[in-house]
Amino acid sequence: LITASASVLTADDVKSHLKITYTDDDTYLNSLISACQAKLENYCGVSFNTRTVTAVLSNLKGGIELPYGPVISLTSVTDSDGVSVLSTDYQLDGVQFKTLSKPLYDNLTVIYQAGYATIPDDLRLALLDEISYRYENRGDAPDTGTISDFRFR
């Protein structure tokens, strides 16, 4: 479970990328920004900006990766009975994308802060490209290659 995050781009950022000078599509662009950001965050397993993440994990073998990194700080770890795990009883490894080496429990609830202070350029460009594609191809039906394709109706 991740909390909703603010958009890392504005409509003006997207309009600059798409070379749009009018304001007619600002509402649509803002909805595209939110939808595409959520899609890419889920696909990549990262948080584009800072947010609180609550993850319920099975760590019976150890080394489970905390989803939606980069991990900034760990808030709490609790076991399946809701009992807090002491900081001396768990171990995080890794730099930005961390794994939980111990404890070796099932159904751990881990609450932590994750995300980038500033989105990396490659992720920013990927988001702009996804928005551009969706903007330019809105309303297009997928090409199925069959006679029922929208171009033949």
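Nothing fancy with the numbering, it's 1 onward along the sequence.
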Open item on the list: Can you tell me if Asp122 has over 12 outside heavy atoms packed within less than 6.0 Å of its CG?
Closed with: yes

TODO: Enter the distance from Tyr43:OH to Cys36:SG here, rounded to the nearest 0.5 Å.
DONE: 14.5 Å

Open item on the list: Can you see whether Thr52 engages Gln113 through a side-chain donor-acceptor pair at a distance of less than 3.5 angstrom?
Closed with: yes

TODO: Kindly say whether Val85 contributes a backbone atom to a donor-acceptor pair with the side chain of Asp89 at under 3.5 angstrom?
DONE: no

TODO: Hey, could you give me the NZ/CD1 distance between Lys15 and Ile131, rounded to the nearest 0.5 Å?
DONE: 13.5 Å

Open item on the list: For Lys39, is there an ion pair with Glu130 - N to carboxylate O distance below 4.0 angstrom?
Closed with: yes

Task: pair Tyr116-Pro70: side-chain heavy atoms closer than 4.5 Å - done: yes

Open item on the list: If we ignore hydrogens and angles and just use 3.5 Å, is the side chain of Thr10 paired with the main-chain N or O of Asp13 as donor and acceptor?
Closed with: yes

Open item on the list: Counting C-beta onward and ignoring hydrogens, is there a side-chain heavy-atom pair between Leu40 and Phe48 closer than 4.5 Å?
Closed with: yes

Open item on the list: Would you say OH of Tyr133 has more than 12 non-hydrogen atoms from neighbouring residues, nucleotides or ligands within 6.0 angstrom?
Closed with: no

- [ ] Say whether, by atom type as modelled, one donor and one acceptor occur between the side chain of Gln96 and the main chain of Gly69 under 3.5 angstrom.
- [x] no

Open item on the list: For Ile111 and Val53: C-alpha separation, side-chain torsions, deciding distance, then whether side-chain contact (heavy atoms from CB on, under 4.5 Å) applies.
Closed with: CA-CA 6 Å; Ile111 301 173; Val53 179; over 6 Å; no

TODO: Taking Lys98 for its side chain and Glu65 for its backbone only, find out whether a donor-acceptor pair lies under 3.5 Å.
DONE: no

Open item on the list: Quick check: do Thr50 and Ile72 have side-chain heavy atoms less than 4.5 Å from each other?
Closed with: yes

Task: Beyond-backbone contact of Thr109 with Ser76, side-chain heavy atoms, under 4.5 angstrom - done: no

- [ ] Give a yes or no on whether Ile20 and Val14 share a hydrophobic cluster (residues Ile, Leu, Val, Met, Phe, Trp, Tyr; joining criterion: side-chain heavy atoms under 4.5 Å apart).
- [x] yes

Open item on the list: To the nearest 0.5 Å, what is the distance between OG1 on Thr118 and CZ on Arg124?
Closed with: 10.5 Å

Task: Any donor-acceptor N/O pair, Ser47 side chain to Tyr68 backbone, under 3.5 Å - done: yes

Open item on the list: Just verifying a value: how many Å separate Ile119 CD1 and Leu9 CG, rounded to the nearest 0.5 Å?
Closed with: 6.5 Å

TODO: Give a yes or no on whether the backbone of Leu128 and the side-chain of Ser132 come within a donor-acceptor separation of less than 3.5 Å.
DONE: yes

Open item on the list: Looking at every non-hydrogen atom in both residues, tell me the closest pair between Asn49 and Val8 and how far apart they are.
Closed with: ND2-CG1, 3.6 Å

- [ ] Please list, chain by chain and in numerical order, all residues satisfying salt bridge (charged side-chain N to carboxylate O under 4.0 Å, His left out) with Asp25, sequence neighbours excluded.
- [x] Arg138

Open item on the list: Any heavy-atom pair between the side chains of Asn59 and Asp106 that's under 4.5 Å?
Closed with: no

Task: Residue pair Leu60 / Leu104: nearest heavy atoms and the distance that separates them - done: O-CB, 3.7 Å

Task: side-chain contact (heavy atoms from CB on, under 4.5 Å) between Leu29 and Tyr135, worked out - done: CA-CA 8 Å; Leu29 288 174; Tyr135 181 81; 3.6 Å; yes

Open item on the list: In this structure, would Val95 and Tyr90 fall into the same cluster of hydrophobic residues linked by side-chain contacts under 4.5 Å?
Closed with: no

TODO: Show your reasoning for whether side-chain contact (heavy atoms from CB on, under 4.5 Å) applies to Leu108 and Leu100.
DONE: CA-CA 10 Å; Leu108 287 170; Leu100 186 64; 3.7 Å; yes

Open item on the list: Going by the rule salt bridge (charged side-chain N to carboxylate O under 4.0 Å, His left out), which residues pair with Lys102 if we only count those two or more places apart in sequence or in a different chain?
Closed with: none

Task: Sidechain-backbone polar pair: Asp81 side chain, Val83 backbone, donor-acceptor under 3.5 Å - done: no

Open item on the list: For a 4.5 angstrom cut-off between non-hydrogen side-chain atoms, does Leu127 reach Gln37?
Closed with: yes

- [ ] Inspect the surroundings of OH in Tyr105 and state if more than 12 heavy atoms from other residues, nucleotides or ligands are less than 6.0 Å away.
- [x] no

Task: pair Leu66-Leu92: side-chain heavy atoms closer than 4.5 Å - done: yes

